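The next block holds one structure in the form of structure tokens; read it before the comments.
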Amino acid sequence: MSRVFNFSAGPSMLPVPVLEKCASDMMDYNGSGMSVMEMSHRSPVYEEIIAAAEASLRKLMNIPDNYKVLFLQGGASTQFAAVPLNLIGRTGKADYIVSGQFSGKAFKEAQKMGYDVKCIATSKDTNFDRIPVVTKDMISPDASYVHICFNNTIYGTKYGYIPDTGDVPLVADMSSCIISEPVDVSKFGVIYAGAQKNMAPAGVTLVIVREDLLEYGDPKMPSMLDWKLMAENGSMYNTPPCYSIYVAGLVYEWILGMGGLDVMKEKNEKKAALLYDYLDSQDYYIAPVQKDSRSMMNVTFVTGVEELDKKFPKEATAAGLVNLKGHRSVGGMRASIYNAMPYEGVEKLVEFMKEFAKNNPKA
Ligand SMILES: *Cc1c(COP(=O)(O)O)cnc(C)c1O
């Protein structure tokens, strides 16, 4: 068996101890005589799995009691529609900050549905190389919510602060930074995240919502998008994504076992610093993101020469460092270094970058 260092933006690496536990549980989970994939979601053994996953997440993120935790289907993209359907009834309007492709999609989805939504800040003019500055006076006081994307997976940017939106609830897409470091959940009305970046296999989407925000849903919305209905049914209005929830639970336990999100953050900072320090120490590679907006999870860089940008991911793959090709809208390279990426993987990457620069001088 040989495993590569997988820098994919998602689906992405899972922790080896979690994969090993999945393998050992596969044929007979805990004496049930079946795998978690095969069991009824209404069975006591599965009810225990989903309850344990929620309890672990609550502990890990220190989620206050007045927040509901939902495990849903449809990916983060489905939440682009669910957010206005559940919340805009508060005042009939909403504000969006567009800091990249996914927040742009969220904004467009709400527009397409005919809602009165406004983009109050964007960094589009500089190809999303930074997080736009957001101050309290920019927020519409009568907005139902303000929507942001906390970490921009494609561009490699992240909010270095939590925007102060006053009494207007803040809604954050945290798909690519969830459980990478502690966050103060009480500063947000809603946090949502697709699981396949940092939590689990694809298939489950996490929604953490403050209870008082469950009162504004559009009565005509599809049941599957209705947070209140899902909360009343413990995420089991219909069949939940059972196996992905089970893996998510194992990932939460893995982090709790190492000491929680403070420890996770320290590890992630060390990995990101190794890569950014190298990028800042040389001029062969260019890191396009403004320093104060740098992501700890997705690190983008280019050589500035098209052929070399093409050659890099190919040769890296041959060296066991895979999925380093950047998103087509940025070009160049992107290293996604989520929780499960070991420090050693980033060390190998930096060594490879040095070798590549030496062997491929620019004309
Ligand atoms: C990947 C990603 C999405 C899209 O997630 P899906 O689960 O594929 O719908 C949305 N937002 C962010 C920040 C992402 O990284």
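In each ligand, atom 1 is the first atom listed, and ligand 1 is the first ligand listed. Predicted model, so just to flag it, every value in this text is computed and none were measured. Numbering of residues begins at 1 and proceeds along the displayed sequence.
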Asp226-Tyr237 side chain donor-acceptor pair, cut-off 3.5 Å
no
Table of N or O contacts for ligand 1, cutoff 3.5 Å:
{"from": "ligand 1", "atom 1": "7 (O)", "to": "Ala76", "atom 2": "N", "distance (Å)": "3.0"}
{"from": "ligand 1", "atom 1": "7 (O)", "to": "Gln196", "atom 2": "NE2", "distance (Å)": "2.9"}
{"from": "ligand 1", "atom 1": "8 (O)", "to": "Gln196", "atom 2": "NE2", "distance (Å)": "3.4"}
{"from": "ligand 1", "atom 1": "9 (O)", "to": "Ala76", "atom 2": "N", "distance (Å)": "3.2"}
{"from": "ligand 1", "atom 1": "9 (O)", "to": "Ser77", "atom 2": "N", "distance (Å)": "2.8"}
{"from": "ligand 1", "atom 1": "9 (O)", "to": "Ser77", "atom 2": "OG", "distance (Å)": "2.6"}
{"from": "ligand 1", "atom 1": "11 (N)", "to": "Asp173", "atom 2": "OD2", "distance (Å)": "2.6"}
{"from": "ligand 1", "atom 1": "15 (O)", "to": "Thr153", "atom 2": "OG1", "distance (Å)": "2.4"}
{"from": "ligand 1", "atom 1": "15 (O)", "to": "Lys197", "atom 2": "NZ", "distance (Å)": "2.5"}

Evaluation steps, side-chain contact (heavy atoms from CB on, under 4.5 Å), between Asp277 and Val350:
CA-CA 10 Å; Asp277 286 350; Val350 171; over 6 Å; no
Please say whether the positively charged group of Lys362, taken as NZ for Lys or CZ for Arg, lies over the ring of Tyr284, i.e. under 6.0 angstrom from the six-membered ring centre and within 45 degrees of the axis.
yes
Quick check on the 6.0 Å ring-centre criterion: do Tyr145 and Tyr96 meet it?
yes
Among residues at least two apart in sequence or on other chains, which ones pass ring pair (Phe, Tyr, Trp, His ring centres under 6.0 Å) with Tyr278?
none
Could you go through Thr153 and Arg334, starting from their C-alpha distance and side-chain angles, then the distance that decides it, and tell me whether this counts as side-chain contact (heavy atoms from CB on, under 4.5 Å)?
CA-CA 9 Å; Thr153 324; Arg334 170 178 51 178; 4.1 Å; yes
